[in-house]
Each structure stands twice: as C-alpha cells, then as structure tokens.
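One structure is given below, encoded as structure tokens.
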Amino acid sequence: MRFVDEFRDAGMARTLATQIAALCEPGRQYKFMEVCGGHTHTIYKHGLEDYLPDTVSLVHGPGCPVCVIPMGRVDDAIAIAEHDDVILTTFGDMLRVPGGRGSFFDSKAAGADIRMVYSPLDALKIARRNPDKRVVFMAIGFETTAPSTAMTVLRAEAEGLDNFSIFCNHVTIIPAIKAILDSPDLRLDGFIGPGHVSTVIGCRPYEWIARDAGKPLVVAGFEPLDILQSVYQLLLQLKEGRCEIENQYARVVPWDGNTRALQVIGEVMELRPHFEWRGLGFISHSALQVRKRYARFDAERIFLVPGVRVADPKACQCGEVLKGVLKPWECKVFGTACTPETPIGTCMVSSEGACAAYYNFGRFSRERVKEATRT
C-alpha cells in the first residue's frame with residue numbers, strides 16, 4: 001500500500017471483518033483498549049464498530065495529552081500568564097481547557113497575553129521579537145512532542161535567549177498503561193498500542209505488558225484498515241494462545257524507536273518523582289521535568305507556581321472516561337451541559353478527546369443511529 005485511499009478500501013475492510021468474526025470464540029466477550037485518542041477518532045469517524053462483531057468492544061484509554069492535564073496545572077499556567085511581563089504560548093487545544101479559575105481564553109479576555117502557537121519554535125520566535133518580555137511555552141504531550149520541546153531548549157541555549165522558558169507538562173505512556181492494568185475497574189484482553197508515541201519510543205518498552213501482565217499489544221496506525229488489522233492480530237494471538245507485542249505500523253514505527261529523539265529528551269529532561277493525571281491520580285515517574293543544567297529555561301523554577309490541586313467538577317466524569325470505565329454517552333452531562341462549545345471536561349475539548357469523537361460523529365447512545373438510505 002502506498003496511498004491513503006488504499007488504507008480506506010471498503011472491500012478490504014469487509015474482508016477483514018469476516019476474518020475477525022471467524023476468530024471469535026462463541027460465547028466469549030472481547031474487550032480491547034485503544035490507548036491513543038487518535039485511534040478513537042478513526043474508529044468513530046469511519047464507523048469501524050459496525051465492522052466488528054457484538055462480542056468485540058473497544059474502549060478508549062488515557063492517550064490524549066490535553067485530556068490528562070489536571071485542572072491545577074491549568075491554574076498554574078494562568079498564574080504565570082498573569083505577570084505583566086509574560087507572554088504565555090500554547091497549542092490551540094489548550095486554550096479552552098477548563099481550570100479551577102477558568103480557561104486560557106478567560107484569562108486572555110481578562111488581559112493576560114496568551115498566544116496560540118503551532119510549535120515551540122514559534123514561541124522561540126516570539127521571544128526573539130520581544131526581548132523585553134518573558135516568553136513561556138506550555139509544553140504538553142507524550143514522548144511524541146517532547147523531542148521538539150527539548151530541541152527548542154537547546155536552540156534557546158545556543159542563541160543565548162534567556163527570556164524563553166518552558167512550563168513542562170510532558171507525560172510518558174508506559175506508567176499510564178501500568179496504572180490501567182493495576183486498576184480493579186477494568187478487565188482487558190489486549191491493547192491497540194499508540195502509533196505516534198511509538199515512533200519515538202519504539203515497541204521494546206511494551207514488552208513487559210506481554211511478559212508480566214499477560215496482555216497482547218499491537219502498535220497500530222491511524223487509518224481504518226490499520227485499526228481493523230490490529231484487532232485481527234490481537235484476536236489471532238488469543239486464538240493461538242500467544243501473548244506478544246506486534247508492530248502493525250511497521251511502515252512508520254521502528255522497533256527500537258528514534259534513538260536520536262530519545263537522546264535529546266534525555267539530555268534536557270528527566271523523570272519527575274510523581275505527577276498528577278486527570279482520572280488516574282498521582283503516578284510515579286510518569287512525567288518529565290527540566291534538568292537542573294537547563295534551570296534557566298524552566299518556568300517552574302523561574303516563577304512562583306501555586307501548585308494547588310483542584311478537584312474536577314462533580315458533574316464531569318472525564319476521569320472514568322479516560323480509564324475506559326465509562327463510555328462518553330454514559331456521562332450525565334455529555335451532549336447536554338457539556339458540548340464542544342461549552343466543555344465542562346477536557347475530553348470534550350481536545351481534538352483527540354474521546355467525548356469530542358463521540359459527539360462529533362453522532363454516538364449519543366449505546367446504539368449507533370444508522371444512516372438513512374436514499375430511495
């Protein structure tokens with residue numbers, strides 16, 4: 001396959017669906033978690049649930065970087081932005097994420113200088129153009145985006161830009177998967193592994209999931225046939241009594257990852273002792289912080305950050321959604337009080353959020369509403 005259309009071929013999807021159904025044991029229920037929010041959007045955008053037997057269910061995991069940011073970290077960033085000489089920069093998804101004191105949009109309306117950027121290098125450009133301002137980049141994301149943040153810090157050091165810093169909120173995927181496996185709320189048969197993260201870390205870090213936890217994992221791409229093939233590979237492993245890590249996304253993901261990207265992350269950043277995740281609580285060694293060597297680029301060392309924990313709104317059940325315990329439509333405020341225009345939780349804000357996927361692609365209940373056929 002070379003072209004996108006080939007990964008969306010309906011005939012091949014039906015063939016895979018037939019093969020998937022043939023692998024299912026009568027009377028057995030299967031539950032697989034797609035870790036990455038990008039996979040969730042592919043599943044519901046293309047109606048892939050309709051290609052699966054009723055005995056195969058897919059639940060979403062904590063692989064949305066914006067969704068797992070706790071409200072307290074949003075408030076910390078707002079506190080930094082409220083300094084008169086600060087320009088806070090962030091990705092677009094973060095602008096509407098609610099904190100305890102409102103969102104970045106609310107803070108911007110109140111006078112804070114908060115700007116959207118597409119890359120940390122854009123923030124560096126703003127720092128060059130505003131030498132009298134302190135420019136802070138709110139760094140978020142899994143290992144996928146951490147290399148670009150680390151490279152930007154190295155660029156700032158090389159250029160001597162002391163008015164640039166990062167507010168580091170990068171998280172790591174492996175501890176989150178371990179927390180899911182340790183949770184008594186959920187019983188899984190396997191994982192559809194994240195594709196983008198794996199382009200950086202590779203497949204080797206997942207080997208313990210098969211070895212110690214006894215769960216198969218297939219790293220998957222983001223096209224419809226990628227997802228269906230991954231489900232097929234998981235079911236084939238279970239049928240044959242195997243438990244392995246497989247790489248369906250081999251056209252992009254190297255088994256050992258991107259060694260240069262990992263080196264850059266390791267040079268600039270180190271693991272935090274612990275970090276709070278929305279829905280999962282505090283997880284040890286699950287996030288990155290700036291090394292002391294680069295302290296002058298670390299906003300948490302430059303500014304007085306409140307660091308106060310903020311509880312999620314009682315009506316919001318994003319935590320349960322992120323753990324795969326609830327489907328978005330099971331949340332009491334989904335699609336009513338909580339919509340993309342008026343989000344209560346992060347899962348409705350992000351382009352990778354599960355609630356946004358269900359809302360945008362019409363999944364408001366357990367039963368999917370079939371599209372009307374032309375007469």
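Note that the structure is predicted; figures quoted are calculated from it, not measured.
The environment of CZ in R28 is crowded: more than 12 heavy-atom neighbours from other residues, nucleotides or ligands sit within 6.0 Å. Enclosure of atom NZ in K178 is not indicated, since only 12 or fewer non-hydrogen atoms of other residues, nucleotides or ligands lie within 6.0 angstrom. Enclosure of atom CZ in R301 by more than 12 non-hydrogen atoms of other residues, nucleotides or ligands within 6.0 angstrom is indicated. Within 6.0 Å of atom CG in D212, more than 12 heavy atoms from other residues, nucleotides or ligands are found, so the atom counts as buried in its surroundings.
The minimum heavy-atom distance linking E300 with V305 is given by the pair CA-CG2, 4.1 Å. Nearest heavy-atom pair, C24 versus L235, reported as atom, atom and distance to 0.1 Å: SG-CD1, 4.1 Å. Minimum interatomic distance between G266 and R291 (heavy atoms only, all atoms of both residues): O-NE, 2.7 Å. When all heavy atoms are compared, the tightest approach of T336 to K332 is OG1-O, 3.8 Å. Contact between A123 and F164 at its shortest, heavy atoms only, is CB-CE1, 3.9 Å. Heavy atoms only, all atoms of each residue included: I209 and L217 are closest at CD1-CD1, 3.8 Å.
In the hydrophobic clustering of ILVMFWY residues, with side-chain heavy atoms under 4.5 Å counting as a link, V135 and M116 come out together. In the hydrophobic cluster analysis, where Ile, Leu, Val, Met, Phe, Trp and Tyr join through side-chain heavy atoms closer than 4.5 angstrom, L236 is grouped together with M12. Taken together through direct or relayed side-chain contacts under 4.5 Å among Ile, Leu, Val, Met, Phe, Trp and Tyr, W208 and V219 form part of one hydrophobic cluster. With hydrophobic clusters built from ILVMFWY side chains whose heavy atoms lie under 4.5 angstrom apart, F91 does not share a cluster with M71. No continuous path of hydrophobic side-chain contacts links V290 to L304 [ILVMFWY only; heavy atoms under 4.5 Å].
Note on D85 versus R134: salt bridge recorded, some NZ/NE/NH1/NH2 to OD/OE distance being below 4.0 Å. E157 has a carboxylate O that lies under 4.0 Å from a charged side-chain N of R296, or vice versa, which qualifies the two as a salt bridge.
In this structure, a donor-acceptor pair under 3.5 Å is present between the side chains of T342 and T339.
Between the side chain of Q248 and the backbone N or O of G221 there is at least one donor-acceptor pair closer than 3.5 Å. For the pair H274 (side chain) and I283 (backbone), a donor-acceptor distance under 3.5 Å is absent. Side chain of S103 to main chain of V97: no donor-acceptor pair is present (N/O by atom type, distance under 3.5 Å, no hydrogens or angles). Counting only distance, with no hydrogens or angles, the side chain of K133 and the backbone of D84 share a donor-acceptor pair below 3.5 Å. N163 contributes a side-chain N or O that, together with a main-chain N or O of A127, makes up a donor-acceptor pair within less than 3.5 Å. Judged by distance alone, the side chain of S119 and the main-chain N or O of L121 form a donor-acceptor pair under 3.5 Å. The closest donor-acceptor contact from the side chain of N169 to the backbone of F167 lies under 3.5 Å. Within the 3.5 Å criterion, the main-chain N or O of E25 finds a donor-acceptor partner in the side chain of Y30.
Ring planes of Y44 and Y358: tilted class, angle from 30 to 60°.
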Test salt bridge (Lys or Arg N to Asp or Glu O under 4.0 Å) applied to E207 and R204, step by step: CA-CA 6 Å; E207 291 178 347; R204 199 172 299 280; 3.6 Å; yes

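For the atom pair I192 CD1 and Q233 CD, the distance stands at 10.5 Å (nearest 0.5 Å). Between L52 atom CG and F32 atom CZ the span is 9.5 Å, to the nearest 0.5 Å.
Screening residues 280-338 for disulfide (SG to SG under 2.5 Å), with sequence neighbours left out, gives no hits.
Less than 6.0 angstrom separates the ring centroid of F222 from the ring centroid of H39.
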